[in-house]
Amino acid sequence: MARLQLQLSLLLCCIFVGAHVEGLSNYSDALAKSILYFQGQRSGRLPPDQRIKWRSHSGLNDGSLSQVDLTGGYYDAGDNVKFNFPMAFTTTMLSWSILEYGKRLGPELGNARAAVRWGSDYLLKSATATPGRLYVGVGDPNADHKCWERPEDMDTPRTVYYVSPQNPGSDVAAETAAALAAASMVFRAADPKYSAKLLVVAKKVMEFAGKYTGAYSDKLGSAVCPFYCSYSGYKDELLWGASWLLRATNDVSHLTYLKSLGANDNADIFSWDNKFAGARVLLSRKNLVDKDKTYEPFRFQAETFMCSILPKSPSSTTRYTPGGLMYKLSQNNLQYVTSISFLLSTYAKYMVSSNHTFYCGKLLVTPNSLRSLAKKQVDYILGSNPMKMSYMVGYGMRFPIRIHHRGSSIASVASLPQHVGCQDGFQQYYYSKSPNPNFLIGAVVGGPDDKDAYIDDRTDYGRNEPATYTTAALVGPLAYLAGSYGK
């Protein structure tokens, strides 16, 4: 125990250097940590340059039940399951961050590309391993959630799930297409052959998504619900996937397809499940940056979304806590905060390019209107909040130390070589009041309640479980702020 406490003290000394000081956010430090986080979520055989050393190889037989190689990819949150739906969204958002803010990533650009590639490599396998199938998950989530064990010790069934023409999944397929198309642009100059391969597969998967329509959760049931049900249907993903292929190819046939979808649902949220707002912001770029009036209707829809978010807008449908945090849902609220902050920052960027403003009723909205709100949300996450704490692990002088995360909460294989079985981890680690022995640097937890209150309790997954898609959406705003504020 003394050795463990010493290790914790040394780690805390290291991670406090350059962090939150006197209420000012060090965006570069937070940015580096947000990208590092993805190494802690890796599945598969870890490379020699792995920087989060308490993680080791895991899931090395994934896919073997179907005689395919499905090793690699990311665990979605604090469990040991690989859900392709949120993983693909994570990969798309990381890619979008690089495409919009690559120059502001500075020395972290290579690490950000590596984070994208870890996801896109796996998605490529999922899409090409078996003709006529798109693999969409590995690991029985119901069995997994009854266990508390390290990914390195997994002994739960690594069941393989897929969609096909007979059992369609337009949502997960179109999101996969979006991820591969976005990633293809990330690697267009850095690795042209890889980029070309990503785009070829993206087109094929998108064709599959549009030809065999249906929600993947309708067929897979408890294998994905209630964890990652397709609550918003699949039209938003078809819109999103086609939008990304349009940006990657400039092929107007994708615009024709977009218009044929009739995907006109209003949305005041953006997440792994609901892509309407994200697609409209992405398409608005064609109008604002490229000056193409064909895309004006998408700009109007994007601005309707912005008006539903801005606190002083007469059409706002967004609640804010007394401390100023957007509050959408009680479970993992910060995922919506980071994803919406990304859209605010990015739409503002597009507005600047054409000196554009718009109105919400009589409220004039400028690029600074959107950027200041996004900055306020990021600053809140990093410590400018009533609790005076950061919600990013390892950032600032006070942050969550009992996060709901199996690998983080159990002693590493290096310090505890013996197997920790399915039930073994509950009493000693899950219910323990002690800090996690391993810090998952850069992880962003679910966050406080609607009154800004937060309890650092491992058993409360709604407030204390980090997820890849929460942090992925934060990378872009952090890169913008690091480049704008010089720290």
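Values in this document were obtained by computation on a predicted structure and should not be read as measured data.
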Discussion item. Does atom NZ (K53) have a neighbourhood of more than 12 heavy atoms from anything else shown, all under 6.0 Å?
Written reply: yes

Discussion item. For the residue pair S390 / Y395, report whether a side-chain donor-acceptor contact shorter than 3.5 Å exists.
Written reply: no

Worksheet item: Just by distance, with hydrogens left out, do N84 and S126 show a side-chain donor and acceptor under 3.5 Å apart?
Response: yes

Discussion item. With side chain to side chain donor-acceptor pair (under 3.5 Å) as the criterion, how do S408 and N436 come out once you've worked through the C-alpha distance, each side chain's angles and the decisive distance to 0.1 Å?
Written reply: CA-CA 6 Å; S408 171; N436 287 8; 2.9 Å; yes

Discussion item. Can you tell me how the ring of F342 sits relative to the ring of W96, calling it parallel under 30°, perpendicular over 60° and tilted otherwise?
Written reply: tilted

Fill in: Distance (rounded to the nearest 0.5 Å) between Y101 OH and L109 CG
15.0 Å

Practice prompt. Determine, stepwise, if the pair E149 / R406 fulfils salt bridge (Lys or Arg N to Asp or Glu O under 4.0 Å).
Written response: CA-CA 6 Å; E149 58 186 349; R406 288 156 176 77; over 6 Å; no

Worksheet item: Is Q41 close to L440 at the side-chain level, that is, under 4.5 Å between some pair of heavy atoms?
Response: yes

Discussion item. Angle between ring planes, H404 versus W148, binned at 30° and 60°: parallel, tilted or perpendicular?
Written reply: perpendicular

Worksheet item: Tell me, do S95 and I98 make a side-chain contact under 4.5 Å, heavy atoms counted?
Response: no

Fill in: Test side chain to side chain donor-acceptor pair (under 3.5 Å) applied to D273 and Y469, step by step
CA-CA 11 Å; D273 178 48; Y469 39 88; over 6 Å; no

Worksheet item: When you check the side-chain N and O atoms of E237 and S170, is any donor under 3.5 Å from an acceptor?
Response: no

Fill in: Within-4.5 Å side-chain heavy-atom neighbours: L325 and Q377
yes

Discussion item. For a quick test of reading the model, state the closest non-hydrogen atom pair linking S58 to P151 and the distance between them.
Written reply: CB-O, 3.4 Å

Worksheet item: Can T321 and M326 be said to form a side-chain contact (heavy atoms from CB on, under 4.5 Å), step by step?
Response: CA-CA 7 Å; T321 68; M326 285 179 205; over 6 Å; no

Worksheet item: Any side-chain donor paired with an acceptor under 3.5 Å for S384 and D379?
Response: no

Worksheet item: Regarding R104 and the six-membered ring of Y480, is the cationic atom NZ or CZ under 6.0 Å from the ring centre and inside 45° of its axis?
Response: no

Worksheet entry | Donor + acceptor pair across side chains of R42, Q50 (<3.5 Å) | yes

Fill in: Donor + acceptor pair across side chains of N438, S412 (<3.5 Å)
no

Item to complete: Among W272, F85, F89, Y161, find the residue that satisfies the ring-ring contact (aromatic ring centres under 6.0 Å, His included) test when tested with Y228.
Response: W272

Discussion item. Does R117 qualify as a cation-pi partner of Y194, given the criterion of NZ or CZ under 6.0 Å from the six-membered ring centre and within 45 degrees of its axis?
Written reply: yes

Item to complete: Could you please spell out the steps behind the side chain to side chain donor-acceptor pair (under 3.5 Å) verdict for T71 and D62?
Response: CA-CA 5 Å; T71 57; D62 281 359; over 6 Å; no

Worksheet entry | Sidechain N-carboxylate O distance under 4.0 Å for K125, D69 | yes

Fill in: Check against side-chain contact (heavy atoms from CB on, under 4.5 Å), Y74 and Y122
CA-CA 9 Å; Y74 291 114; Y122 175 79; over 6 Å; no

Practice prompt. Please state whether the rings of W240 and F270 are parallel, tilted or perpendicular, taking 30° and 60° as the class boundaries.
Written response: perpendicular

Practice prompt. Evaluate the ring planes of F399 and F439, with Trp represented by its six-membered ring, and classify them as parallel (under 30°), tilted (30 to 60°) or perpendicular (over 60°).
Written response: perpendicular

Item to complete: Check whether the side chains of D155 and H419 place a donor and an acceptor atom closer than 3.5 Å, and report yes or no.
Response: yes

